[in-house]
J.: 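Sharing a structure, written as structure tokens. Questions coming.
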There are 2 protein chains.
Amino acid sequence: MEKDTRAKLLEAASTLFAHKGFAAVSVRDLAQASGANVAAVSYHFGGKEGLYHAMLEYQFEPIAEALERIKTMPPLPPVERLTLYASLIAGVHQRRPYLLRIMHGELTSPTSGLEAVVKKYIPRIYSFLHQALTDGVAAGDFRPDLDVDFACISLAGILNFYFIVKPLARQLLPVPDRGDEKYVAQAFAIYLNGIRREKQ
Amino acid sequence: MEKDTRAKLLEAASTLFAHKGFAAVSVRDLAQASGANVAAVSYHFGGKEGLYHAMLEYQFEPIAEALERIKTMPPLPPVERLTLYASLIAGVHQRRPYLLRIMHGELTSPTSGLEAVVKKYIPRIYSFLHQALTDGVAAGDFRPDLDVDFACISLAGILNFYFIVKPLARQLLPVPDRGDEKYVAQAFAIYLNGIRREKQ
DNA sequence: GTCTATATTGCGATAGAC
DNA sequence: GTCTATCGCAATATAGAC
């Protein structure tokens, strides 16, 4: 029980911060949920904020890995790149079920973690989408009048939103669980179909 | 300066809660931002939570009005109903620029306000979309294999996400401001084009 | 590395003067 | 209806024993 107090705190921090936000979670909550002592947070992470930032880095780990992997890949055709993004979102959500909630928590209610961690990753994801869409327009795959900046936001929105509302959707709305892949498949199909150049 | 202390508190509560979330805003913050006294929050709203709920109701006012208006309207064709929803989102955002942020704050980090206020409105909006999509599939406007539950989430996602990230997009990403209507027009076009039945 | 005990600060709420 | 002063409590953080 020595070294993995850190891991248990990161785990507890992920679920608690994801569900209630930074300000609504106390160090005592974290200690209790993880089975650690209150002092452990300061000892291992230098305080609540340090734990929060470490948790953010932990959550973004699969994103960072994926971005590195993509950099070493041979360039794909635009549609394949967008498809890769869609499957990336779904895949990352399997490994880090709270990442999207946490990230959007940072977007709606920014804390110091936005500057410290989140701002490192968002622009890189955005650039990837932007480039794919720009290339796709140039190649004639997508509508020539497409506003690429807006189209990036649309893709992120149509995919991310599902994972954010999913926990509450099942309690608020009559949405049966038919699987994340099914949602992503249909949403991405709608999007891709929507930005494609009209067949003449 | 008698009666409108209430209004000033509601105004300050809207911006502060929208930007930082319920837990991160103190009664002292609210008093200072509104020019009111700390005791005014308890006097007028029975406490911080009461003010928060009143603010939520105030934010949902345009939604409530719109839902009432729609109930008295003759039934529209499915595509028109979706179009109405899209323009409703844009129009409401003009009157209540913080509504979508606040609502999604409640979705990612639920407080008592979710049960008390938000849960009244979400299912009614969802039903409206669900019915329009179901009718559209039945009428042959939309793809017959469309999963209507998922398609509701997709439409909300593609539209709402923009308004949520807008404030930060301008600081994080190279997205120039080309107007909300332009975003909504393109995003809705993508969505509608995406769910339409393939021309044979 | 872990724990208890404690220092300090800030919180929400309200009693009571005006 | 507004304000000051204050109560009681919970927050983060840490000193020091183990």
Side-chain angles (χ1 to χ4, degrees), chain A residues 1-58 102 105-106 109-117, chain B residues 1-58 102 105-106 109-117:
Chain A
M1 288 269 177
E2 285 174 351
K3 179 65 189 358
D4 70 351
T5 294
R6 265 188 75 95
K8 278 155 93 176
L9 275 170
L10 280 173
E11 205 46 57
S14 297
T15 69
L16 280 174
F17 285 134
H19 285 99
K20 316 213 287 171
F22 177 76
V25 175
S26 74
V27 176
R28 285 167 169 81
D29 294 336
L30 292 159
Q32 181 168 21
S34 66
N37 189 271
V38 273
V41 173
S42 280
Y43 179 78
H44 287 284
F45 299 97
K48 176 182 164 182
E49 195 179 53
L51 171 55
Y52 184 67
H53 290 183
M55 180 276 289
L56 283 177
E57 290 286 6
Y58 168 72
I102 290 164
E106 272 308 317
S109 303
T111 71
S112 62
L114 181 68
E115 284 285 335
V117 182
Chain B
M1 289 266 178
E2 284 174 351
K3 181 61 188 357
D4 70 350
T5 293
R6 267 188 74 95
K8 279 155 92 177
L9 274 170
L10 280 173
E11 203 48 54
S14 298
T15 69
L16 279 174
F17 286 133
H19 285 97
K20 317 214 285 170
F22 177 76
V25 175
S26 74
V27 175
R28 286 166 172 83
D29 293 336
L30 292 160
Q32 181 169 20
S34 65
N37 190 271
V38 272
V41 173
S42 279
Y43 180 78
H44 288 284
F45 299 97
K48 176 182 166 182
E49 195 179 53
L51 171 54
Y52 184 68
H53 290 182
M55 180 275 291
L56 283 178
E57 290 286 6
Y58 167 72
I102 291 165
E106 273 307 316
S109 303
T111 69
S112 62
L114 181 68
E115 283 287 334
V117 181

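Below, each value reflects all heavy atoms present in this structure, side chains not excepted, and no hydrogens, waters or symmetry copies. Chain naming here is simple, since letters A, B, ... match the order of the sequence lines and numbering starts at 1 in each.
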J.: Would you indicate, yes or no, if D:dG1 has its OP1 or OP2 atom less than 4.0 angstrom from a side-chain nitrogen or oxygen of B:T5?
T.: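 Answer is no, no contact under 4.0 Å.
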J.: Run A:V117 and A:E106 through side-chain contact (heavy atoms from CB on, under 4.5 Å) and show every step you take.
T.: CA-CA 10 Å; A:V117 182; A:E106 272 308 317; over 6 Å; no
J.: Distance check, rounded to the nearest 0.5 Å: A:S42 atom OG versus A:F45 atom CZ?
T.: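 If I round to the nearest 0.5 Å, the distance is 11.0 Å.
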J.: Please check if the side chain of A:H44 supplies one atom and the backbone of A:A40 the other of a donor-acceptor pair under 3.5 Å.
T.: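 Answer holds: no.
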J.: Would you mind reading off the distance between B:L9 atom CG and D:dC3 atom P, rounded to a whole angstrom?
T.: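 It works out to 11 Å between those atoms.
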J.: Output the rounded distance in Å from CG (B:D29) to C1' (C:dG12).
T.: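 After rounding, the reported distance stands at 12 Å.
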J.: Grab the NZ-P distance between A:K8 and C:dG1 for me, whole Å please.
T.: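 Checked: the NZ to P distance equals 14 Å.
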J.: What is the distance from atom CD of A:E11 to atom OH of A:Y58, rounded to the nearest 0.5 Å?
T.: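 OH of A:Y58 is found 4.5 Å from CD of A:E11.
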J.: I'd like to know if the side chain of B:K48 reaches the main chain of B:L30, judged simply by a donor and an acceptor atom lying under 3.5 Å from each other, with no hydrogens or angles considered.
T.: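 Answer holds: no.
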J.: Roughly how far, to the nearest 0.5 Å, is the OH atom of A:Y52 from the CG atom of A:L16?
T.: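 Spacing of CG (A:L16) from OH (A:Y52) equals 12.5 Å.
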J.: Quick one: A:Q32 CD to C:dT2 P, roughly how many Å, whole number?
T.: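 Going from CD in A:Q32 over to P in C:dT2 covers 18 Å.
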J.: Nearest-Å distance, CZ (B:R6) to C1' (D:dG1)?
T.: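 Value for this atom pair: 13 Å.
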J.: Within the 4.0 Å limit for protein heavy atoms, which parts of nucleotides 13-18 of chain D are touched? Write it as a string from 5' to 3', B for base, S for sugar-phosphate only, - for none.
T.: SB----
J.: Starting at NE2 of B:H44 and ending at P of C:dT14, how long is that distance when rounded to a whole Å?
T.: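 Roughly 15 Å, once rounded to whole Å.
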